[in-house]
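Everything numeric in this text was worked out from a predicted model, so none of it was measured.
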Amino acid sequence: MYALVDVNNMYVSCERSFNPRLDGKPVVVLSSNDGACIARSNEAKDLGVKMAQPWFQVRHLVKSHGLIALSANFELYADMSGRMMAIASRYTPLCIPYSIDEAFLDLDGIPGDLTQISRHLRAAVLQELGLPTSVGLANTKTLAKLANHVAKTCDRKPGHYPAGLSCRLAQVCNLAELAPHELDSLMQLTDIGDVWGVGRKIAEKLRAGGIKSVLDLIRADPASLRREFSVVFEKTVLELRGQPCLTVEEAPAAKQQILVSRSFGKPVTDVEVIVEAVSEFTSRAAEKLRQQGSVAGAIQVFFTTSPFRTNDRQYSPSLTVQLRPTADSRHLVSAATRSVRNIYRSGFNYTKAGAMLLDLQDRKAADQQGKLDLFAPEPRSAAEAASRDRTALMEAMDKLNQRFGRGAVRIGSAATAKATDAGTAAWAVRQDRRSPRYTTRWDEMPVVR
Amino acid sequence: MPAGFDDDFDGSQVHAAGQAPARPRDPVASSGFGSPGTDFTVKRTDFNDALVRHPQATFVMRMSGDLMIEAGILDGDVLVVDRAITAAHGHVIVAKLDGELVCRRLVHADGVVALETATSVPQRVTCGDDRPLDVWGVVTFAIHPMQV
């Protein structure tokens with residue numbers, strides 16, 4: 001049995017946790033450079049703000065409806081994410097982080113009422129972090145994701161599913177508790193676009209073929225789906241029918257972060273082993289990053305002891321570093337290894353480690369904003385783009401700086417002298433409206449009266 | 001163990017004499033001098049162990065103003081706030097009040113639920129249906145920086 005737990009509107013919820021003035025208001029969080037809405041409160045969704053909608057298209061709502069816009073505060077979100085994952089890890093040794101705000105919990109062999117356990121987990125995250133979550137339970141990951149969607153929908157739009165089901169399944173939805181006809185009813189009322197692994201194009205093709213609801217989908221012939229789409233898609237459908245078969249590698253990628261994390265076979269105490277593991281995870285994440293044509297503006301590394309080894313002292317450090325947006329493995333791995341050494345402490349038995357790339361931006365868009373590759377010719381192939389280490393401009397800049405002293409040559413838009421501080425570097429993102437980094441910067445802790 | 005050394009010595013924790021440490025101890029690390037075949041490890045007094053009972057639920061906040069001076073919390077003090085502890089009568093807590101985070105003493109007795117300042121004349125805000133108590137966390141330590 002799997003439980004998929006995720007934080008509702010995570011970035012907004014993190015902001016609200018430390019600023020009650022945002023409760024009940026329409027709030028959006030903007031991407032780096034304040035370009036697009038990457039998170040919306042329910043009130044903002046009700047105003048019609050769409051995911052990834054450009055800021056300039058909705059800024060009029062500030063005056064007309066009191067919309068509040070905040071610049072993304074990745075250090076805060078990543079730190080809260082680490083805390084949430086650690087809380088989830090109390091309930092099972094097999095907690096698999098999937099993105100910054102989602103984790104799969106493998107509950108096979110866990111004794112007790114799994115729905116009650118999930119409610120307990122939800123209550124703990126709400127009390128200890130102030131973050132509301134939804135939990136979906138089922139015997140496959142794809143169904144657990146679906147159950148999570150149902151849990152959220154029943155909470156937010158009680159009219160969508162039959163009233164009898166809605167109140168039972170809000171916030172925590174366990175598909176194993178449903179009678180077959182109840183499950184069918186849920187599936188009939190759920191659009192295929194809400195299934196994990198069904199993107200817009202696949203959904204359009206399915207609808208053209210007369211498949212609109214999840215119920216339609218599971219009644220279709222898997223073999224013909226494999227022919228028409230892919231083996232992985234067939235597995236998605238088999239999972240919807242209750243057959244666990246998707247591996248971690250085949251699982252759809254999370255949209256806003258790339259996370260690679262593994263548990264160690266045996267507890268690890270040596271920093272060099274952690275460094276090597278995290279480097280490997282970072283490289284893999286960087287490959288996926290380049291494949292999807294993105295660059296990353298931040299990287300978080302984390303490793304942890306296991307609360308299930310009750311004789312072990314517990315320590316779960318993590319560190320988020322902001323970067324000049326890059327898809328270059330060398331930069332990312334270098335930042336990752338420095339971070340590991342920064343937070344590592346000896347004398348602990350670490351059982352898991354990971355790396356997460358955050359603040360993903362479209363590579364072309366980042367180019368256009370003048371942060372990268374100013375005068376470099378277009379790469380002749382994807383392979384060349386993927387393997388390009390530094391641009392000719394950057395190399396020329398470096399040579400001149402080495403010869404004439406640091407800061408001799410800077411990108412034209414730079415306003416300040418210090419090139420290493422994320423806040424003042426030439427590539428500094430516009431973050432006019434970022435909240436304080438409440439949990440990672442001593443000078444920015446919340447103030448109470 | 002060399003004769004004469006206390007088997008219960010655990011240099012990593014600051015706790016009152018005679019009181020059991022809060023965490024189950026690794027018998028090897030807690031012996032202070034290790035045992036043959038392991039590394040020699042002496043753990044320095046650790047602020048995290050001493051001040052943080054629930055790592056995932058512990059946050060720091062800064063007190064602004066004089067509304068809690070009678071509780072020993074001065075303007076500019078750093079508060080260690082634990083969200084995993086259930087607030088009870090007499091606790092100093094951080095609460096949400098009218099859209100703000102405030103530090104107050106919790107009154108929860110004789111049917112009264114209220115937030116009170118710790119001033120020479122305490123000011124009380126009673127909580128009820130129209131304004132329910134909304135606890136953020138319990139203050140476990142207040143750290144006063146000295147002028148240095």
Side-chain angles (χ1 to χ4, degrees), chain A residues 14 16-25 76 79-90 121 123-131 267 269-270 304-305 307-318 345-349 436-449, chain B residues 10 12-13 21 23-30 38-39 41-44 46 48-49 52 54-68 73 75-87 92-104 117 134-137 139:
Chain A
C14 287
R16 283 179 164 168
S17 193
F18 295 92
N19 184 355
R21 253 179 257 276
L22 301 174
D23 288 347
K25 303 253 169 59
L76 174 67
D79 181 66
M80 295 295 272
S81 170
R83 293 169 185 260
M84 179 218 155
M85 298 298 172
I87 294 174
S89 297
R90 294 180 201 158
L121 160 62
V125 174
L126 188 60
Q127 170 163 353
E128 297 185 31
L129 303 180
L131 300 178
T269 51
D270 181 356
T304 180
T305 54
F308 282 84
R309 295 173 54 90
T310 46
N311 277 336
D312 283 0
R313 293 180 67 221
Q314 297 296 316
Y315 181 47
S316 304
S318 67
R345 289 161 75 192
S346 65
F348 292 91
N349 290 325
R437 290 164 291 192
Y438 301 113
T439 63
T440 51
R441 305 279 171 151
W442 191 257
D443 309 338
E444 299 181 27
M445 68 177 76
V447 175
V448 298
R449 265 170 254 278
Chain B
D10 182 346
S12 69
Q13 299 207 355
R23 220 182 308 282
R25 294 163 304 156
D26 176 12
V28 171
S30 68
T38 68
D39 292 343
T41 318
V42 171
K43 293 215 186 315
R44 192 174 293 176
D46 186 304
N48 274 290
D49 292 344
V52 179
H54 303 109
Q56 283 90 50
T58 301
F59 299 88
V60 280
M61 297 178 139
R62 195 177 300 277
M63 182 72 197
S64 168
D66 301 327
L67 293 180
M68 294 299 285
I73 300 174
D75 178 50
D77 284 359
V78 171
L79 307 176
V80 179
V81 186
D82 189 328
R83 303 191 73 165
I85 297 175
T86 304
V92 173
I93 66 170
V94 172
K96 291 189 206 177
L97 188 63
D98 301 330
E100 254 204 311
L101 290 177
V102 300
C103 178
R104 298 286 187 270
T117 62
D134 203 339
V135 177
W136 199 92
V139 178

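Nearest heavy atom pair, residue A:Arg449 against residue B:Met63, reads C-CE, 3.4 Å. Across every non-hydrogen atom of A:Arg90 and B:Gln56, the tightest pair is NH2-OE1, 3.1 Å. Taking all atoms of both residues into account, the shortest heavy-atom contact from B:Val94 to A:Val448 is CG1-CG1, 4.0 Å. Between A:Gln127 and B:Ile85, the closest heavy-atom pair is NE2-O, 3.9 Å.
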Verdict with supporting geometry, B:Asp46 and A:Arg345, side-chain contact (heavy atoms from CB on, under 4.5 Å): CA-CA 12 Å; B:Asp46 186 304; A:Arg345 289 161 75 192; 2.5 Å; yes
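In this structure, CZ on B:Arg62 lies 7.0 Å from CG on A:Asp443, to the nearest 0.5 angstrom. Rounding to the nearest 0.5 angstrom, the gap separating the CG atom in B:Leu101 from the CZ atom in A:Arg21 is 9.0 Å.
Checking side-chain atoms of A:Arg83 against main-chain N and O of B:Thr58 turns up a donor-acceptor pair under 3.5 Å.
Contact annotation: the side chain of B:Arg83 approaches that of A:Ser17 to within less than 4.5 Å [non-hydrogen atoms, C-beta and beyond].
Using a 4.5 Å cut-off between heavy atoms, B:Ile73 does not touch chain A at all. With a threshold of 4.5 angstrom between heavy atoms, A:Met80 approaches chain B through side-chain atoms but not through N, CA, C or O. Neither the backbone nor the side chain of A:Arg309 comes within contact range of chain B; no heavy atoms are under 4.5 Å apart. With a 4.5 Å cut-off on non-hydrogen atoms, B:Val60 touches chain A through its backbone and its side chain both.
Aromatic ring orientation, B:Trp136 versus A:Phe18: tilted (interplanar angle from 30° to 60°).
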